[in-house]
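Below, read A as the first sequence line, B as the second, and so on, with proteins coming before strands; counting in each chain starts at 1. In this text the structure is predicted, and so the values were computed from the model without any measurement.
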There are 2 protein chains.
Amino acid sequence: MATGRTHRPATRSRGIPEATVARLPLYLRALTALSERSVPTVSSEELATAAGVNSAKLRKDFSYLGSYGTRGVGYDVEYLVYQISRELGLTQDWPVVIVGIGNLGAALANYGGFASRGFRVAALIDADPAMAGKPVAGIPVQHTDELEKIITDNGVSIGVIATPAGAAQQVCDRLVAAGITSILNFAPTVLSVPDGVDVRKVDLSIELQILAFHEQRKAGEEVGAPEEAAGAVPPPPVPHRAPPGAPGADSGRQGPDGDVPAVMPA
Amino acid sequence: MATGRTHRPATRSRGIPEATVARLPLYLRALTALSERSVPTVSSEELATAAGVNSAKLRKDFSYLGSYGTRGVGYDVEYLVYQISRELGLTQDWPVVIVGIGNLGAALANYGGFASRGFRVAALIDADPAMAGKPVAGIPVQHTDELEKIITDNGVSIGVIATPAGAAQQVCDRLVAAGITSILNFAPTVLSVPDGVDVRKVDLSIELQILAFHEQRKAGEEVGAPEEAAGAVPPPPVPHRAPPGAPGADSGRQGPDGDVPAVMPA
DNA sequence: CAATGTGAACCAGTTCACAGCA
DNA sequence: TGCTGTGAACTGGTTCACATTG
């Protein structure tokens, strides 16, 4: 889902499955909510429901962390919050820099979910000189020229890229050169990074495309004959070298659509 | 990674693995870029590199769609773009509504990647009366009261939720009641929806937490002794009912952190 | 001969179902 | 008795390696 090819070799850190790690934040969120409501304990069943997974999976996930539950009772909310936070490394402070302060970058800077966990926005960086000094979410934007210095001075190891696609790789290279080892990429590009650097990406349009795929299926199933005109798509020897630009439905959606969808005009 | 529990039963649509579907947008993006550079054909090797996957996986993925390549040569770029677009349902027009026009909603409205694929922002909806009428990305924001009408009138089937967590479920319910069957959720909450409705979620802070986990590992490995003070975490019988609020490192990151991280003040 | 398409081996992740314990 | 913790079965996904074909 992420990490270009940096998927960390078979280092076998301490064997917590990647899939489990990806769910820990989910559990943590649900637990935090319970904690606020002063709920003392939860059963795997309840917590699973709150987190949107099934209980067997949740119990298996927790079993990788240790035995933090009490048979016949459930889990102590506060204790679990602490254990998961620690496991995720949220008991320490993580300074992050956000590069590219357009709408998205600003949204990220304002995002409460960062500060609430162990994250702290150490700096906002943008290439536009006009942005320099302007405060966003209470933090003054700094110019790209300062990038290296900011990272070094603040001991930042996590960077967020929210620039247009065209600038992403370049920004990425500079971040890495400056010492960043984890990158969250919002630009619609595949970033190449040296081994040892983790990259996770969030692509807004990809998620929509996946939804469209399923949506299309639903529409097809409802009626009887799915698919458009053309004969079934799977194995049937399609009329090779077919009309590449053949219209599928209404609105012509082809033509050069510039794959540099500028997440926002930085 | 998404779809609360709506994971579409064993309908076995036409057997394209979910993992493959999730990668098609990636291939499409890479192909679009090649297409713009007027590259006529690509080998699985080249395309795989451009998309950030390995070639065996790519070929296997394509094999689910049909045999669109030419042995000894590779794939015809234009043809593949068309086939994948069609498969994803992007040859048709998908009107979408974005609910919650804060920084994030605005970023999404401005996002070029939507329009370039088959998506069209049919409307922007926000609960703040003050926003009504104000244009964002050239589209006037409409009040939540109009939600149902907008969806019905435009035949919208995909909705994007970019509201604060607290409003998400309620908005979701209204969207579903109005006929929406696919939802892209940016609010940090688990949405519950009836069967037949697909939900995909994008959680900004979850991605960061996953990065933090790996980052922590790296730091630990560099030195010799990972983990903090406490005895190893896995099997060792931890001192049960331990200090729930025990500090892990520096900055106390506990306390009520309000898990309503308001993606943006809608 | 180069590169696709794919069976088969392999591996990760999920689910089942129940033993074990508070 | 009730719920956790986990071996074992199963499912889905990835990788290998090679036969096939333009």
From CG of Leu80(A) across to C1' of dG5(D) the rounded distance in Å is 14 Å
When you measure from the side-chain N and O atoms of Thr70(B) to the phosphate of dG22(D), is any distance below 4.0 Å, counting only OP1 and OP2? no
To the nearest angstrom, how far is Glu46(A) atom CD from dT4(D) atom C1'? 14 Å
So does Glu87(A) pair up with Arg217(B), basic N to acidic O under 4.0 Å? yes
Side chain to side chain, Leu65(B) and Leu24(B), heavy atoms closer than 4.5 Å: yes
ring-ring contact (aromatic ring centres under 6.0 Å, His included) involving Phe62(A) - partner list, sequence neighbours excluded: Tyr27(A), Tyr75(A)
Do Trp94(A) and Gln216(B) touch side chain to side chain, with heavy atoms closer than 4.5 Å? yes
Atom-to-atom span, OH of Tyr75(B) to P of dG22(D) - whole angstrom: 14 Å
Whole-Å gap separating P (dT4(D)) and CD (Gln83(A)): 17 Å
Could you state the atom-to-atom distance from NZ of Lys60(A) to C1' of dA9(D) in whole Å? 11 Å
So CG of Leu208(A) and CD1 of Ile158(B): to nearest 0.5 Å the spacing works out to 6.0 Å
Heavy atoms, side chains only, cut-off 4.5 Å: are Leu90(B) and Gln209(A) in contact? yes
In terms of the nearest nucleotide of DNA chain C, which residue is placed more toward the 5' end: Pro17(A) or Gly72(A)? Pro17(A)
Rounding to a whole Å, what distance do you find between Lys57(A):NZ and dG12(D):P? 13 Å
Glu46(B) vs Val39(B) side-chain heavy atoms within contact, under 4.5 Å: no
What is the distance, rounded to the nearest whole Å, between atom CG of Asp76(A) and atom P of dC3(D)? 16 Å
Polar-atom pairs under 3.5 Å, protein N or O versus N or O of nucleotides 17-20 of chain D: list them with distances, or write none.
unit_1, atom_1, unit_2, atom_2, d
dT20(D), O2, Arg71(B), NH1, 2.7

Earliest and latest nucleotide of DNA chain C, 5' to 3', sitting under 4.0 Å from a non-hydrogen atom of chain B? dA2(C) to dA8(C)
Write down the atom of Pro25(B), the atom of Ile206(A), and the distance for their closest heavy-atom approach. CB-CG1, 3.6 Å
From CZ of Arg23(B) across to C1' of dG13(D) the rounded distance in Å is 8 Å
From CA spacing to verdict: side-chain hydrogen bond (donor to acceptor under 3.5 Å, both in side chains), Ser44(A), Arg59(A): CA-CA 6 Å; Ser44(A) 61; Arg59(A) 286 201 302 280; 3.1 Å; yes
Of the nucleotides dT6(D), dT4(D), dT14(D), which has the atom closest to the Ser43(A) side chain? dT4(D)
